[in-house]
Amino acid sequence: MTDQEVLGPIIDGKVVASGSTPKFKAIYPVDGKEICEIYSCGQEQTDAAVRSSEEAFKSWGKTSFGERAAVLEHIARIVEENLEYFAKNETLDTGKGIGESLVQIGNSAKIYRYFASAIRSHEDRYIRYDNGTASVVIREPFGSVGLILPWNAPSMLLSWKLAPALAAGNCAIVKPASVASRAALNMVLRFQEALPPGVLNAVTGSGPDVGNALVKHPGIRKISFTGSTAVGREIGELCGNRLIPATLELGGKSASVIFDDANIERAIQFVMLGSLSSAGQICIAGTRILVQSTIYDSFVEKLKTKFDTLRVGDPMDSDTQMGPVINKNQFDKVMGYIDSGIKDGARLVIGGERLTGGIYDKGYYIAPTLFADVKSDMTIACEEIFGPVLSIMRFDTEEEAVSIANGTEYGLGASVWTKDINRAMRVSQALEAGTVWVNFYLDSPAGSPFGGYKKSGMGREIGKIAIDYYSNIKNINISSSDDVPPIF
Ligand code: NDP
């Protein structure tokens with residue numbers, strides 16, 4: 001299968017490549033080389049994408065659960081049959097290791113299959129009251145929904161949004177991040193063989209122009225957004241003004257709470273996985289590591305040794321464990337945080353610099369960076385860095401651990417490491433986070449609702465509940481009586 005030479009908005013199943021609209025470039029983060037050019041949308045194309053979606057909804061919105069399930073299964077097969085092609089595209093867009101891309105694309109197929117099965121087995125609710133009336137509670141699709149993607153995991157996050165949106169009977173218009181549009185656009189194109197024209201369209205171009213136009217478009221009935229808290233707030237305000245629902249998956253600063261009775265070797269493996277996947281550019285990155293004082297020094301030493309042996313390099317090499325950050329903007333931002341950690345007096349244990357020589361000179365490679373003796377009010381402990389930088393903090397008691405873990409404005413994820421089941425349950429319940437893992441991290445199966453507390457967002461993606469977030473809930477009250485009652 002060859003790459004689409006010309007990419008741009010996808011409307012009614014076809015790429016709209018118009019010479020009159022500006023183009024932007026897809027860049028490979030590893031060497032800064034241009035991979036292809038992508039046509040951007042003007043207002044005219046955004047309007048056309050929404051019109052086509054509204055037209056398609058007239059039939060798609062009436063499809064049976066079984067028909068939608070068959071389409072989602074077809075999409076899952078497309079993903080599975082093109083696993084390596086899609087994984088390569090994901091790595092070309094983001095610079096993440098090919099092994100990680102393969103896992104994420106494999107998970108996407110599972111997401112489409114999960115929602116196929118969830119909608120096939122879906123039953124509306126029937127409630128009978130003791131006065132003889134009854135309710136039938138049904139879910140109805142909104143219509144055309146806007147799905148706005150970030151750059152860090154475009155293929156997987158497309159599945160998180162698209163699968164429940166289609167299962168619920170909506171038509172979708174995808175807006176990928178302009179720095180990583182190519183992988184998502186190629187997926188949207190390949191998925192067309194499973195879908196009637198217009199059910200899945202895409203718009204392209206910058207967030208403040210094209211994304212904003214999509215959110216404001218009167219034909220759009222719901223927005224699902226993943227990205228920064230600042231843009232999420234802006235989109236939330238616009239949706240609030242329009243009185244349309246918005247699901248917002250925003251930033252995170254997730255804590256791992258490690259007690260001295262934990263399986264430390266296992267904890268360290270998951271700390272590495274949870275904080276250095278995608279070079280730390282994941283919303284759920286567990287970058288605040290809280291370690292009980294009794295094991296603090298030995299934990300820091302063991303983690304340092306692991307950091308030292310991490311294979312950082314060419315993401316297309318399956319032995320590579322970490323690639324570069326996506327671009328200069330992200331590099332500058334992460335290096336700024338490293339400077340702030342040093343200035344604030346945190347102890348730099350390892351890393352803290354740009355890697356140089358060979359392949360490192362072409363992309364933006366940052367050495368995996370470990371700060372110890374971090375205080376909870378330091379900037380590196382509070383703000384989302386979105387890079388390979390970890391802060392290790394110290395605690396003595398369970399209460400102190402919970403207080404430090406909750407002392408951030410984010411609340412996306414957390415993990416608890418202990419062999420004491422009572423403590424695991426107590427701490428999990430006390431943590432302000434949408435997902436808490438006990439003695440592991442990062443795994444998000446299709447059936448688990450995912451989303452944030454506090455400034456990490458609103459609403460949930462994946463899990464059966466996600467279908468509700470793409471549905472209007474209608475209650476039909478039915479009387480069993482023919483009596484003519486008095487008015488009062
Ligand atoms: P942004 O929030 O800037 O962008 C996310 C998406 O929204 C992109 O498609 C972007 O388009 C679009 N967008 C930007 N501005 C608007 C707007 N005004 N109206 C509508 N859409 C808009 O996040 P980035 O992807 O640039 O990442 C920046 C930061 O966000 C990261 O450093 C990280 O902190 C956080 N982030 C969090 C993620 C999570 O999963 N929680 C995932 C990714 C990022 P375009 O890029 O084309 O301008």
Side-chain angles (χ1 to χ4, degrees), residues 9 22 24-27 38 40-41 46 93-94 96 104 146-158 160-161 173-185 202-217 220 223-239 241-242 246-254 277-285 287 325-337 382-389 409-413 433-435 442 444 450-459 461-462:
F24 57 96
K25 296 180 195 324
I27 303 288
I38 299 171
S40 192
C41 263
T46 303
D93 258 6
T94 62
K96 76 179 57 147
Q104 290 192 357
L147 312 180
I148 303 180
L149 304 176
W151 47 258
N152 63 330
S155 307
M156 193 182 76
L157 294 177
L158 173 64
W160 282 28
K161 296 177 190 303
I173 302 182
V174 176
K175 151 61 186 107
S178 35
V179 297
S181 290
R182 188 174 165 275
L185 290 174
V203 292
T204 47
S206 92
D209 298 326
V210 181
N212 181 272
L214 188 68
V215 175
K216 284 185 179 158
H217 202 291
I220 293 295
I223 290 289
S224 172
F225 165 85
T226 301
S228 61
T229 297
V231 174
R233 183 178 285 121
E234 209 178 302
I235 288 176
E237 277 177 21
L238 283 172
C239 290
N241 266 322
R242 290 197 50 218
T247 298
L248 305 173
E249 291 291 341
L250 310 177
K253 191 72 188 172
S254 302
S277 292
S278 297
Q281 301 165 115
I282 50 171
C283 53
I284 197 74
T287 51
V325 296
I326 192 155
N327 55 23
K328 185 169 186 322
N329 272 353
Q330 199 59 22
F331 172 80
D332 289 343
K333 188 178 150 199
V334 176
M335 292 310 288
Y337 278 115
C382 301
E383 294 184 14
E384 184 180 43
I385 298 177
F386 234 60
V389 182
E409 51 186 19
Y410 293 110
L412 197 56
T435 304
L442 209 60
S444 292
F450 185 92
Y453 280 28
K454 303 194 282 190
K455 289 190 181 154
S456 290
M458 293 177 352
E461 295 203 298
I462 64 171

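Each residue takes its place number in the sequence, starting with 1. Whatever order the structure lists ligands and atoms in, that order sets their numbers, starting from 1.
Every atom of ligand 1 with a heavy atom of Thr226 under 4.0 Å away is listed here by number and element: 5 (C), 39 (C), 40 (O). In summary, the atoms of ligand 1 found under 4.0 Å from a heavy atom of Leu250, numbered by their order in the structure, are 39 (C), 41 (N). Listed by number with element, the atoms of ligand 1 under 4.0 Å from a non-hydrogen atom of Gly205 are 47 (O). Under a 4.0 Å criterion applied to the non-hydrogen atoms of Glu249, ligand 1 contributes the atoms 41 (N). Atom numbering of ligand 1 starts at 1 in the shown order; those under 4.0 Å from a heavy atom of Gln330 are 32 (O). In summary, the atoms of ligand 1 found under 4.0 Å from a heavy atom of Ala177, numbered by their order in the structure, are 8 (C), 9 (O), 46 (O), 47 (O). Taking every non-hydrogen atom of Ile148 and a distance limit under 4.0 Å, the qualifying atoms of ligand 1 come out as 6 (C), 7 (O), 9 (O), 12 (C).
The nearest heavy-atom contact from the protein to atom 34 (O) of ligand 1 is Glu384 OE1, 2.5 Å. Considering only non-hydrogen protein atoms, atom 37 (C) of ligand 1 sits nearest to Gly227 O, 3.3 Å. Closest to atom 1 (P) of ligand 1 among all protein heavy atoms lies Ser228 OG, 3.6 Å. Here the protein heavy atom with the shortest distance to atom 15 (N) of ligand 1 is Val231 CG1, 3.5 Å. Regarding atom 14 (C) of ligand 1, its nearest protein heavy-atom neighbour is Gly207 CA, 3.6 Å. The shortest contact between atom 18 (N) of ligand 1 and any protein heavy atom is with Glu234 OE2, 3.1 Å. The shortest contact between atom 39 (C) of ligand 1 and any protein heavy atom is with Cys283 CB, 2.9 Å. Counting protein heavy atoms only, atom 9 (O) of ligand 1 is closest to Leu149 O, 2.7 Å.
Between Glu409 and Lys455 there is a salt bridge, since a side-chain N of the basic residue sits under 4.0 Å from a carboxylate O of the acidic one.
With no hydrogens or angles considered, a side-chain donor-acceptor pair links Ser224 and Lys161 at under 3.5 Å. Lys216 and Asn212 share a side-chain donor-acceptor pair at under 3.5 Å. Of the N and O atoms on the side chains of Lys96 and Gln281, not one donor lies less than 3.5 Å from an acceptor on the other residue. For Tyr410 and Glu384, the side-chain atoms include no donor-acceptor pair closer than 3.5 Å.
Backbone and side-chain nitrogen or oxygen atoms of Leu157 are examined, and none is located within less than 3.5 angstrom of a nitrogen or oxygen of ligand 1. Every N/O-N/O distance between Gly211 and ligand 1 stays at or above 3.5 Å. Considering backbone and side-chain N/O of Lys333, one or more are found under 3.5 Å from N/O of ligand 1. Distances between N or O atoms of Val215 and those of ligand 1 include no value under 3.5 Å. Here's the thing with Asn152: none of its N/O atoms is less than 3.5 angstrom from an N/O atom of ligand 1.
In plain terms, the two heavy atoms of Ala285 and Gly280 that are nearest each other are CB-O, 3.9 Å. The two residues Glu249 and Leu412 make their nearest non-hydrogen contact at OE1-CD1, 4.2 Å. Heavy-atom minimum distance, Pro150 versus Asn152: CG-OD1, 3.3 Å. Taking every heavy atom of both residues into account, Ser277 and Leu442 meet most closely at OG-CD2, 3.8 Å.
No donor-acceptor distance shorter than 3.5 angstrom exists from the side chain of Ser155 to the backbone of Ala184, with no hydrogens or angles considered. When atom types are taken as modelled, the side chain of Arg242 and the backbone of Val215 share a donor-acceptor pair closer than 3.5 angstrom. In this structure, Gln330 contributes its side chain and Phe386 its backbone to a donor-acceptor pair below 3.5 Å. Distance alone, capped at 3.5 Å, places no donor-acceptor pair between the Lys175 side chain and the Gly211 backbone.
When the options Trp160, Phe450, Trp151 are ranked by their closest heavy atom to atom 27 (O) of ligand 1, first place goes to Trp151. Nearest-residue assignment for atom 4 (O) of ligand 1 (options Tyr410, Phe386, Phe225; heavy-atom criterion): Phe225.
The shell of residues lying under 4.0 angstrom from ligand 1, judged by heavy atoms, excludes Val179.
Note that CD1 of Ile284 and OG of Ser444 are 6.5 Å apart. Values are rounded to the nearest 0.5 Å.
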